[in-house]
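Read the structure below first, then the notes.
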Amino acid sequence: MKKYLIYDSETTGLNIIKDRAFLFQYGIVDENLDLIEIETFDSNDATSKSKYAYYLKTIPTLVGHNIKFDIHMAINDGFDIDIFKDKNYIDTAVLARLVINHDKQADSTFSIALKKLAVRYLGIDAADEEKKLRAELSRLTSDHKLKMKQHFIDKGLWDMSLKTTEETILLNDIYNNWNKVYHKYSKFMVERKTFLRLNPAPTYENCTNIKTYGETDIKLTYGLFKLWYPQVVRLDQVETLMRVSKAVFPLVLMERKGLSVDIQRVLNDRNAIIKELSKTKIIDPRTKTELSVGQHAKLKDLYEFECGFPVESADKNARAMIEQYSPAARTASYIAKLSKYLNTYITGVLNKLTYINSEYKIFTQYNMAGTITGRLSSDFQQFPKEPLELNDGTIINIRSWFIVPKKDKYMFYFDYAQMELRIQCEWTAIILGEPDKNMARAFMPYKCIQIGDKYYLEENPAMEWHTTDLHSMTAQHAFPNVSLSDPLWKDHYRQLGKRANFAINYGAAAPKLVQALKVDFPTAQALVAGYKKAFAGVVAFGKWINQRVYSTDNIPNLMLRRYYSRNKHQLQNWLVQGSGADILLLKLAEIYEYIKDKPHWNFMISVHDEVGFTCEDIPEAQLSKEVTEIQALMCHKLSAVDIICDIEYTTTKWSEKIDWKGHIN
DNA sequence: AGCGAGCCGTAC
DNA sequence: GACGTACGGCTCGCTG
């Protein structure tokens, strides 16, 4: 019986909308997990393609390494997207995360890449094939680069008097770094474009051993599948594999939606930053040479020269402390910020920009096996929240680049409120039989008496319940002699409590607090002690894990994803973070079921504790109703406190989202 | 020239 | 044993 389809393709690139498969490979696996057929075919071979379409439709389970990517490629090659709606998906990268001991995964040398896994777990070294392929592509690319140079020479644009090193820099800039530096080379703009239109850059498609390479990949994927799939059952990870499987198609839809970009705003911001950068340079007065912000060792040396005392590092914390003594540090702080914006965000967006249906979009991908906990990872998640003000007064707000798409009217953001704290609270309830009182009271009137619409504490009925301020609570326990009416309370002591709460939740101890909060050791110790008094339940949770790691080889998170680890310190975080991740995966599948017959709603983005949607212009009453229903679906009930979400929306751009109050404001 | 380690800065 | 999970860009040193 044809039960599993091992599924892979070789493609013209990594853009999930514009690129396409030129080669398909598949293997068919029966119920005994034996490989009964293996095939490779060219994407323009119509006969093979229709046979393949039949297999895709009829075989219930698709198996691949990073399978979402290959789904995109099949869709781009004309396969009906509906084929992929109701399949079971087994991603071998996800299998790796579920079956490999998590302490091994936590090792910095661990890699989820197919070839690396094959070497480690199948003993098959396919590195040679890949090396050969890369070497060939590298040769082709360097030929292409030289051809571009020749094109400029032919057009009389190339300065023939340049030295070799100058030529290399120039050609590199034009060929590799164009989006970063094009303002310097306007005379090449038109001919560069013409050249690339007539001579597209080489891809794997132009490499001679690609077919052998592709066949190897199918064999490796099959090998990992056969090795690990039975272990999913043995290790009791079936439920998690299914949850991940059900999130695959919703994420495919999310990825294909992309994010609409206000290109003009990006370019304006780019100009403003370049203008500022051209005004500001870091010069080492001793050598008269210019330094870039990435030359950390040389910069540290320069700071020490200017300060006359040793400096810890060249990072922004160190700079902040020495700016009064070191002009170079002052300049570096400004340039570092500008460079980050130009190199990472602006150039990053321009490199990914895809013009499609008269809109500029960027498409990101979510890696379902990128993390040890089960979180999704993506290259989109780290766009700055806070705006940046330049010295000339320009405000750069990266989130203002992302706008409502043309066919839509709204972007909605459903954001879980203090998700991980609520999960921490749930853990205390599980191990103690009742939740940590202080934590629970931060979210609900736990153990309170209701009189009218007010609540009073059970142990002290004269005291009305208000949501516990967890940050003040840590601070109060840490600094029992400081009064709440102290003028420094809010901005200093409570602030320390807040920062300590975050750090300690992530596992920090006193020495790290000294660094992060810039406090002395006794203060750090007081904060840790304050935290422990404030959250006795969390301390008990830590002790519980400590015992569990000796009695069992794994601990399941709230959604029953199991972590095979004996590392108490990391487990304490994984059990919280991973529970949140799995709740989100579950919700993606549930909400997909809700919106699949409402095409005016589209998935847009997801970042750990939030799901973003676009919505078309629909009647207001319908909008209010559906938003409320999505909010209810997002809510995840737990035994102690539920995980609920706040809603924000905008009709313009990401940076202007505002609270949704049940209706259009 | 290619690669990887290390550093830095951003997100949740 | 001593702050969790990621991503991307840059520099520098090693390797072949």
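Order of the sequence lines fixes the chain letters, A, B, ..., with proteins taken first and strands second; residue numbering starts at 1 for each chain.
Across all strands shown, A:Arg319 has heavy atoms under 4.0 Å from sugar-phosphate atoms exclusively, and none from any base. A:Lys300 comes within 4.0 angstrom of no nucleic acid atom, judged by non-hydrogen atoms across all strands. Residue A:Ser138 is in sugar-phosphate contact alone, with no base atom involved, counting any heavy-atom pair closer than 4.0 Å across all strands shown. The residue A:Asn567 sits close to a base: some heavy atom pair falls under 4.0 Å. Residue contacts for A:Gln570: at a heavy-atom cut-off of 4.0 Å it reaches the sugar-phosphate backbone alone, with no base atom in range. Nucleic acid contact class of A:Ser339 (heavy atoms, under 4.0 Å, all strands): none. A:Lys298 comes within contact range of the sugar-phosphate backbone alone, with a heavy-atom separation under 4.0 Å but no base atom that close. Within the 4.0 angstrom heavy-atom criterion, no nucleotide atom of any strand lies near A:Ile504. Within the nucleic acid shown, A:Ala516 comes within 4.0 Å of at least one base atom, counting heavy atoms only. Using a 4.0 Å heavy-atom criterion, one finds that A:Thr347 contacts no nucleic acid atom at all.
If you take CG of A:Asn573 and P of C:dA6, they are 10 Å apart, rounded to a whole angstrom. If you take CG of A:Leu571 and C1' of C:dT5, they are 14 Å apart, rounded to a whole angstrom. For A:Phe541 and C:dG4, the CZ to C1' distance is 13 Å, given to the nearest whole Å. One interatomic measurement links the two molecules: CG of A:Asp143 to P of B:dA1, which rounds to 14 Å at whole-angstrom precision. Rounded to a whole Å, the CD1 atom of A:Ile346 is 13 Å from the P atom of C:dC10. Nucleotide C:dA2 holds its P atom 19 Å from the CG atom of A:Leu517, rounded to whole Å. As a whole-Å value, the separation of A:Gln424 CD from C:dG4 C1' is 11 Å. For the pair A:Lys116 NZ and B:dC3 P, the interatomic distance rounds to 11 Å; values are reported in whole Å.
Considering only side-chain N and O atoms, A:Ser377 lies under 4.0 angstrom from the phosphate OP1 or OP2 of C:dC7. At the phosphate of C:dG4, neither OP1 nor OP2 sits under 4.0 Å from any side-chain N or O atom of A:Asn505. The phosphate of B:dC7 has neither OP1 nor OP2 within less than 4.0 Å of any side-chain N or O from A:Ser313. Checking the phosphate oxygens (OP1, OP2) of C:dT5, a side-chain nitrogen or oxygen of A:Trp574 falls inside 4.0 Å.
Within a 6.0 Å sphere centred on CG of A:Leu146, heavy atoms belonging to other residues, nucleotides or ligands number more than 12. Taking a 6.0 Å sphere around NZ of A:Lys281, one finds it holds more than 12 heavy atoms contributed by other residues, nucleotides or ligands. Few gaps surround CD on A:Gln150; more than 12 heavy atoms of other groups in view lie less than 6.0 Å from it.
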When you compare the protein's N or O atoms with those of nucleotides 10-12 of chain B, which come within less than 3.5 Å of each other, and at what distance?
unit_1, atom_1, unit_2, atom_2, d
B:dT10, OP1, A:Lys337, NZ, 2.8
B:dT10, OP2, A:Lys316, NZ, 2.6
B:dT10, O4', A:Tyr345, OH, 3.3
B:dA11, OP1, A:Lys385, N, 2.8
B:dA11, O4', A:Gln381, O, 3.3
B:dC12, O3', A:Asp609, OD1, 2.9
B:dC12, O3', A:Asp609, OD2, 3.1
B:dC12, O2, A:Arg375, NH1, 2.8
B:dC12, O2, A:Arg375, NH2, 3.0

> Passes salt bridge (charged side-chain N to carboxylate O under 4.0 Å, His left out), A:Glu304 versus A:Lys300? Steps please.
Replying inline: CA-CA 6 Å; A:Glu304 289 178 340; A:Lys300 186 165 167 285; 3.7 Å; yes

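Of the residues near DNA chain C, A:Arg97 and A:Gly294, the one whose nearest nucleotide (by heavy atom distance) lies more toward the 5' end is A:Arg97.
Using cut-offs of 30° and 60° on the angle between ring planes, the pair A:Tyr564 and A:His102 is parallel.
When distances run from any side-chain atom of A:Arg134 to the nucleotides C:dA6, B:dC3, C:dA2, the shortest one goes to B:dC3. Distances from the side chain of A:Lys180 to the nucleotides C:dC10, C:dA6, C:dA2 place C:dC10 closest.
The ring pair (Phe, Tyr, Trp, His ring centres under 6.0 Å) test with A:Phe613 is passed by exactly one of A:Tyr413, A:Tyr649, A:Phe414: A:Phe414. Considering A:Tyr341, A:Trp654, A:Phe402 as possible partners of A:Phe383, the one that fulfils the ring pair (Phe, Tyr, Trp, His ring centres under 6.0 Å) test is A:Phe402.
Under 3.5 Å, the side chains of A:Lys145 and A:Asn172 contain a donor-acceptor pair of N or O atoms.
Although no hydrogens or angles enter the test, the distance criterion places a donor-acceptor pair under 3.5 Å between the side chain of A:Asn206 and the main chain of A:Thr203.
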